[in-house]
Structure formats: C-alpha cells, structure tokens
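What follows is a set of notes on a single structure, which appears directly below.
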Amino acid sequence: MEVLFTKEQIAERVLALGAQISTEYAGKSVVLIGILKGAAIFLADLARAITVDNTFDFVAVSSYGRARVSSGAVKLIKDIDNPIEGKHVILVEDILDTGLTLSYLRGLMVHHKPASLKIATCLDKPDRRVVPIEADYVAFKVPNRFVIGYGMDYAEVYRNLSDIRLFPEELAEL
Ligand code: IMP
C-alpha cells in the first residue's frame with residue numbers, strides 16, 4: 001500500500017506540535033483525552049513530545065453505520081475517568097473527517113467546565129466536513145482518501161503500521 005507519510009515525517013510533525021503545545025501551555029499542565037482506539041498511538045507520541053506536565057484520559061465512541069459512511073449518530077461508550085473541571089484539556093483524535101465525532105465530544109466536554117478545550121488531530125480531511133469544526137493542532141491535511149496505519153484501521157487491522165498508507169479504494173467496502 002502506498003505510503004502517504006513515513007514514520008520519520010510523522011515523528012517530525014508530532015515533535016513540532018509537541019513543541020508548539022509546550023510553548024502555548026508553558027507553566028500549566030494539560031489533560032490529553034484520546035479517542036479510542038485510533039488516537040492511542042498519536043496520543044502516546046504527542047504526550048512524549050509535550051514537555052509541560054500532562055496526564056491522559058480516554059473516551060470511546062461508536063458511530064452507527066459502516067466504517068466509511070457515517071449515519072451522523074455518535075454514542076459515548078466510555079467516558080473520562082477523572083474530572084476535568086478547571087483543567088486545560090486537549091481532545092486528541094486520529095482523523096477529523098466529517099467532524100461529527102469531535103463536535104459531539106466537544107459538546108460533552110464543555111459540560112464538564114474545563115478551563116480551556118482544544119483539539120489536536122493527526123490527520124484532517126477538510127473536504128469531508130459536514131459540521132463546522134476545526135482542530136487547533138493538525139499534523140497533516142489529507143485529501144479524501146481512506147488511510148490506515150499509525151493507529152488508524154480498516155476493519156480493526158493495520159493500526160500497528162508505523163507509517164500512514166493509502167488503503168486501496170477498490171478493496172474498501174464503501
Ligand atoms: P468523523 O470526523 O466523525 O467523520 O469521524 C472520524 C473517525 O472516522 C475517525 O476517528 C476514524 O475512526 C474514522 N475515519 C475517518 N476516515 C478514516 C480513514 O481514512 N481511515 C480510518 N478511519 C477513518
């Protein structure tokens with residue numbers, strides 16, 4: 001499968017995002033909330049690239065419908081473990097695609113009254129957006145193609161690949 005971003009390119013961008021976040025949150029601590037499962041690997045690398053104190057939490061959502069075609073309904077299946085009231089929170093996602101997942105989660109998190117709430121995403125597919133939402137930190141903007149690797153799956157496979165690859169459209173169940 002064609003490589004879109006090598007592990008070296010990913011590492012470089014993650015380090016740059018970590019440095020930017022560390023500067024912007026200097027003197028503060030940050031709670032990184034990863035969206036399972038896709039963001040786990042990006043969060044693991046980003047957390048280590050951030051030099052200010054940071055803790056992790058994870059949420060899990062299920063979207064109804066098949067992998068590529070979102071029905072628009074998102075359900076929380078695992079909530080945060082620790083309170084985030086008064087904390088500086090960054091939601092960490094693998095791909096910002098239609099925006100439905102992150103706008104749903106952002107709405108939920110706002111209710112917990114964090115001191116601030118931002119979004120970091122490894123990939124951004126702006127062409128696919130159906131709700132207006134933008135990430136504050138983006139490693140790479142990508143065209144509307146299905147990708148796998150670095151946490152991202154096709155039918156739960158390929159998450160462990162170190163680079164990000166294009167999944168052949170003809171094999172994807174659209
Ligand atoms: P959305 O922004 O609510 O449409 O959902 C984004 C989620 O869809 C991501 O967290 C991924 O789990 C999944 N997703 C979207 N595009 C891709 C892709 O190209 N490869 C793998 N998963 C994808």
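Hydrogens, waters and symmetry mates play no part in the numbers below; they use all other heavy atoms, side chains included. Model, not experiment: these values are computed from the prediction. Quick note: residue numbers are just sequence positions, from 1. Ligands are counted one by one from 1 in listed order, and the atoms in each one are counted from 1 as well.
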Q. How many angstroms lie between atom CG of Leu96 and atom NZ of Lys141, to the nearest 0.5 angstrom?
A. 10.0 Å
Q) Does the N or O separation between Val147 and ligand 1 drop below 3.5 Å for any pair? A) yes
Q.
Quick check: Leu102 and ligand 1, any N/O pair under 3.5 Å apart?
A. no
Q | Side-chain (Lys78) to main-chain (Phe58) donor-acceptor, under 3.5 angstrom | A | yes
Give the atoms of ligand 1, by number and element, whose distance to some non-hydrogen atom of [X] is under 4.0 Å.
X      : answer
Thr101 : 1 (P), 3 (O), 5 (O)
Lys125 : 16 (N), 17 (C), 18 (C), 19 (O)
Arg145 : 19 (O)
Asp153 : 21 (C)

Q.
More than 12 heavy atoms of other residues, nucleotides or ligands under 6.0 Å from NZ of Lys37: yes or no?
A. no
Q. Within a reach of under 6.0 Å around NZ of Lys113, are more than 12 heavy atoms found that belong to other residues, nucleotides or ligands?
A. no
Q.
Could you check whether Glu24 and Tyr137, counting side-chain N and O atoms only, form a donor-acceptor pair closer than 3.5 Å?
A. yes
Q.
Please tell me whether Tyr150 and Asp45 have a donor and an acceptor in their side chains that are separated by less than 3.5 angstrom.
A. yes
Q | Closest non-hydrogen atom pair, Asp153 against Ile148 | A | C-CG2, 3.5 Å
(Q) With a cutoff of 4.0 Å, is Gly99 in contact with ligand 1, counting heavy atoms of the residue only? (A) yes
Q. Can a non-hydrogen atom of Ile148 be found less than 4.0 Å from any atom of ligand 1?
A. no
**Q.** Asp94, Val131, Leu100: member with heavy atom nearest to atom 10 (O) of ligand 1
**A.** Asp94
